[in-house]
Amino acid sequence: MSGDLSHSEDQVDCGSRYNDSHKHKDKYKDKEHKHKDHKKDKEREKSKHGNSEHRDPSDKKHRDKEKEKVKHKDGSTDKYKDKHKEKRKEEKMKSLDGKIKKEKENGFASPHVKSEPEDNFYPSPKHEKPLKRKRDDDNDAEFKPKKIKTENDKKAKKRKLDESFFGFLSFENIKPKKTKNKKGEVADGKKKAKKEPEEKWKWWEEERYTDGSKWRFLEHKGPVFAPPYEPLPSNVKFYYDGKHMKLSPEAEEVATFFAKMLDHEYTTKDIFRKNFFKDWKKEMTSEEKSKITDLKKCDFNEMSEYFKAQSEARKAMTKEEKLKIKEQNERTLQEYGFCIMDNHRERIANFRIEPPGLFRGRGDHPKMGMLKRRIRPQDIIVNCSKDSKHPEPPPGSRWKEVRHDNKVTWLVSWTENIQGSIKYIMLNPSSRIKGEKDWQKYETARRLKKCVDRIRNQYREDWKSKEMRIRQRAVALYFIDKLALRAGNEKEEGETADTVGCCSLRVEHIKLHPENEGQEYVVEFDFLGKDSIRYYNKVPVEKRVFKNLQLFMENKEPDDDLFDRLNTSVLNKHLQELMDGLTAKVFRTYNASFTLQQQLKELTNADENIPAKILSYNRANRAVAILCNHQRAPPKTFEKSMQNLQAKIDAKRDQLSDAKRELKSSKADAKVRRDEKSKKAVESKKKAVQRIEEQLMKLEVQATDREENKQIALGTSKLNYLDPRISVAWCKKWGIPVEKIYNKTQREKFAWAIDMADDDYEF
DNA sequence: AGTGCAACTTAGCACCGGCGCG
DNA sequence: CGCGCCGGTGCTAAGTTGCACT
């Protein structure tokens with residue numbers, strides 16, 4: 001059922017997005033911040049999205065149908081979500097009252113200090129138990145080992161242990177040095193010998209920790225901080241109410257954040273402006289505060305112009321200047337961009353601290369425009385091993401804490417002030433620690449493959465259960481499986497944009513059509529999911545599911561939870577019982593990978609040439625992206641670039657007919673002359689025609705590919721959902737260079753798969 | 001059971017640099 | 001040899017999950 005893509009089209013066409021996100025990089029002088037005062041009254045903004053139009057009263061029609069004896073039989077549980085419901089309703093009322101949204105404090109100074117004494121070497125109180133595990137840390141106790149064995153065994157043994165120890169001396173991480181794959185040795189036998197010292201570390205051939213620890217040794221240089229604020233030159237002025245006003249450096253910095261965004265639409269949005277203005281005032285001197293009382297009277301234009309000029313100037317820099325900067329960046333990278341973890345030099349993903357700026361959440365975010373404060377050394381927690389050379393805080397400052405917790409993978413963390421969440425500096429996807437986890441993820445998905453039939457039968461049975469909560473669980477699971485929906489945690493209102501996943505679907509997000517376009521029992525989904533990306537889909541479902549949905553919706557308001565007896569924790573607990581390590585997201589991984597494999601089988605045509613095969617690959621990839629609803633805004637230049645391509649195709653066509661004509665005439669010529677020379681001419685013309693035909697085809701394929709990709713993003717699924725061994729195996733099977741499928745970074749991330757998968761790999 | 005936190009994965013977009021084209 | 005385009009990369013927001021605590 002899940003690999004089925006019958007519903008794909010709708011998704012693609014109808015998908016549309018509501019989010020315009022973006023970022024900012026800036027600086028700002030920090031200040032004291034308020035405490036997170038949660039539980040502030042929150043008011044969710046009336047949903048501005050398309051959803052509202054879907055609150056269709058007709059839903060009520062279904063209410064009286066099929067009253068079930070079952071319903072609420074376990075009266076005990078109405079609670080799960082009631083609380084939220086209440087809130088939402090309350091808020092609705094409030095907003096109806098025309099009240100203005102109450103603001104929340106910006107601050108979040110609250111340290112959440114872990115009072116871990118920095119002295120225990122392997123602290124981490126929480127994970128005491130994993131010690132028993134033989135193989136890997138978390139779940140999947142058995143699988144990992146097994147997998148490893150099955151997958152590796154053969155080759156693993158032979159080249160075990162060759163490197164590792166001083167691997168970090170070799171910079172293995174930088175170059176995706178061709179890893180020899182099984183047969184790979186072929187690749188460059190002799191060269192290999194030379195490059196041997198650069199041989200990449202094959203962590204996947206080594207033992208893993210079995211005690212829950214993530215490393216034994218960890219050394220790094222700490223984070224790179226955002227550059228300090230540089231005040232504007234005095235000729236760049238700020239005007240309030242038409243009059244020049246010199247701002248204090250603190251206030252000025254925050255003003256520049258706004259100035260830099262002037263061109264963006266969201267500086268016109270009420271919430272954004274309100275949040276910004278409020279936080280800005282906190283940075284002002286009392287004098288400034290009393291003068292500047294209306295954002296509308298602020299004129300940031302000179303600042304804005306100044307920054308535009310700056311960026312022009314940057315573009316116009318000479319080669320030498322640019323080179324210098326590049327070199328400096330490279331030095332920074334070499335110094336801060338790597339760490340040493342267990343004898344290997346590994347690349348760090350994000351070693352720069354996020355610069356201050358104005359927060360812009362995605363979608364309709366209640367906190368957009370708030371000030372993201374500058375992070376200082378005293379906000380930073382450093383994690384490294386006790387026996388390593390500890391990173392030095394910048395002169396005159398100190399770290400908030402240095403700890404030595406080898407049960408976690410992060411090197412640096414700090415608490416961010418917008419949501420109060422923790423941010424981390426961690427390793428690159430090419431690192432052992434990320435790679436192992438990634439591998440493990442696919443192994444879990446493969447285990448699901450083995451028992452998915454059983455699970456599906458089970459939830460189909462559960463549709464008939466007498467217990468409401470079981471039915472809900474079963475229907476939700478069906479959606480997660482069939483439609484690859486996300487789990488859908490509940491979220492705190494007023495803290496984030498109003499988005500949902502499976503368990504948090506509300507009545508207003510689906511419509512039931514007993515009959516639609518010739519199909520029976522159609523469910524129409526329309527909601528905003530992660531990142532406020534719209535999910536729109538019409539799916540025919542089984543009658544029993546349909547009836548259940550009618551039941552679930554009975555006597556509910558549009559903004560009531562569809563699955564009121566279910567949440568992600570209940571669901572995952574259940575899944576855990578069905579299979580060790582099973583959680584909702586495993587279904588996404590499983591269905592994505594399974595679909596890729598099956599689509600590749602179906603679409604790849606042995607007779608076609610490489611570009612055509614790659615098109616097939618992309619189509620298979622696309623099927624997955626559609627399943628997972630990975631959309632993107634059509635590139636701004638889409639139309640134009642499509643036209644360009646079309647022009648090229650036309651030109652190529654002309655060229656082809658010219659070439660054909662020439663071929664013809666040279667043939668005629670050869671017939672008359674019958675000499676060697678003219679024969680040769682014919683041959684070369686023939687070749688020319690062939691070459692052009694090939695080029696033309698390539699262009700046409702490219703055009704198709706691009707057109708089909710207009711609103712679909714392939715990257716996310718490729719990077720996060722598709723077992724790379726499937727792709728590698730496909731490449732090997734059809735003699736396609738992996739470079740055509742994976743770029744350099746991707747090859748680094750998937751080095752393990754490239755090395756270990758054979759052409760007969762089966763997901 | 002419910003809540004909140006910590007850790008880690010997944011996500012789309014802006015921007016930039018290198019490359020192919022005229 | 002400059003210019004536009006495109007892919008790759010960096011950035012950081014927004015999810016999921018597990019667990020401790022109450």
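On a predicted model such as this, the values are computed, not experimentally measured, just so you know. Chain A is the first sequence line, chain B the second, and so forth, proteins listed ahead of strands; every chain is numbered from 1.
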Is NZ or CZ of A:K372 both nearer than 6.0 Å to the six-membered ring centre of A:F359 and within 45° of the ring axis? no

So A:A713, base contact, sugar-phosphate only, or nothing? Heavy-atom distance under 4.0 Å. nothing

Using whole Å, report how far CH2 of A:W410 lies from P of B:dC8. 9 Å

Mind checking A:G501 for me? I need base, sugar-phosphate or nothing, with any heavy atom below 4.0 Å counting as a touch. nothing

Euclidean distance, atom CD of residue A:Q711 to atom P of B:dC13 [Å, nearest integer]: 11 Å

May I ask you to say what A:Y424 touches in the nucleic acid, namely base, sugar-phosphate or nothing, with a heavy-atom cut-off under 4.0 Å? base

Quick check: on DNA chain B, is the nucleotide nearest A:S413 upstream (toward 5') of the one nearest A:K322, or the reverse? Name the residue that is more 5'. A:S413

Under 4.0 Å, counting only non-hydrogen atoms across every strand here, what does A:K573 touch: a base, just sugar-phosphate, or nothing? nothing

Using a cut-off of 4.0 Å on non-hydrogen atoms, how would the nucleic acid contact of A:A584 be classed: base, sugar-phosphate, or nothing? sugar-phosphate

Of C:dT12, C:dG15, B:dT10, the nucleotide closest to the side chain of A:T499 is C:dG15

On the nucleotide C:dA13, are OP1 or OP2 found under 4.0 Å from the side-chain N or O atoms that A:Q419 carries? no

Whether A:K372 contacts C:dA13 is assessed here as follows: a side-chain N or O lying under 4.0 Å from the phosphate OP1 or OP2. Is that the case? yes

Indicate, with a heavy-atom threshold strictly under 4.0 Å, whether A:T409 touches base, sugar-phosphate, or nothing. sugar-phosphate

Looking only at side-chain N and O atoms, does A:K326 come under 4.0 Å of OP1 or OP2 in B:dG18? yes

Set of side chain to side chain donor-acceptor pair (under 3.5 Å) partners for A:Q702, sequence neighbours left out: none

Would you say a side-chain N or O of A:K423 is under 4.0 Å from OP1 or OP2 of B:dC8? no

What residues, two or more places apart in sequence or in another chain, satisfy side chain to side chain donor-acceptor pair (under 3.5 Å) together with A:S717? A:N621

4.5 Å side-chain heavy-atom contact, A:N709 and A:R632: yes

Kindly say if A:S641 contacts the phosphate of C:dC6, meaning a side-chain N or O under 4.0 Å from OP1 or OP2. yes

Please tell me if the side chains of A:R373 and A:I375 come closer than 4.5 Å, counting only heavy atoms from C-beta onward. yes

Taking only the side-chain nitrogens and oxygens of A:Y721, find out if one of them lies under 4.0 Å from OP1 or OP2 of B:dA11. yes

For the pair made of CG in A:N489 and C1' in B:dA7, what is the distance, rounded to whole Å? 14 Å

Scan A:G529 against the nucleic acid and name what it touches under 4.0 Å (heavy atoms): base, sugar-phosphate only, or nothing. sugar-phosphate

Toward the 5' end of DNA chain B, which comes first, A:R588 or A:K315, by nearest nucleotide? A:R588

Classify the side chain of A:K530 versus the base of B:dT10 as yes if they form a donor-acceptor pair under 3.5 Å and no if they do not. yes

Please give, in whole Å, the distance from B:dG12 P to A:R534 CZ? 16 Å

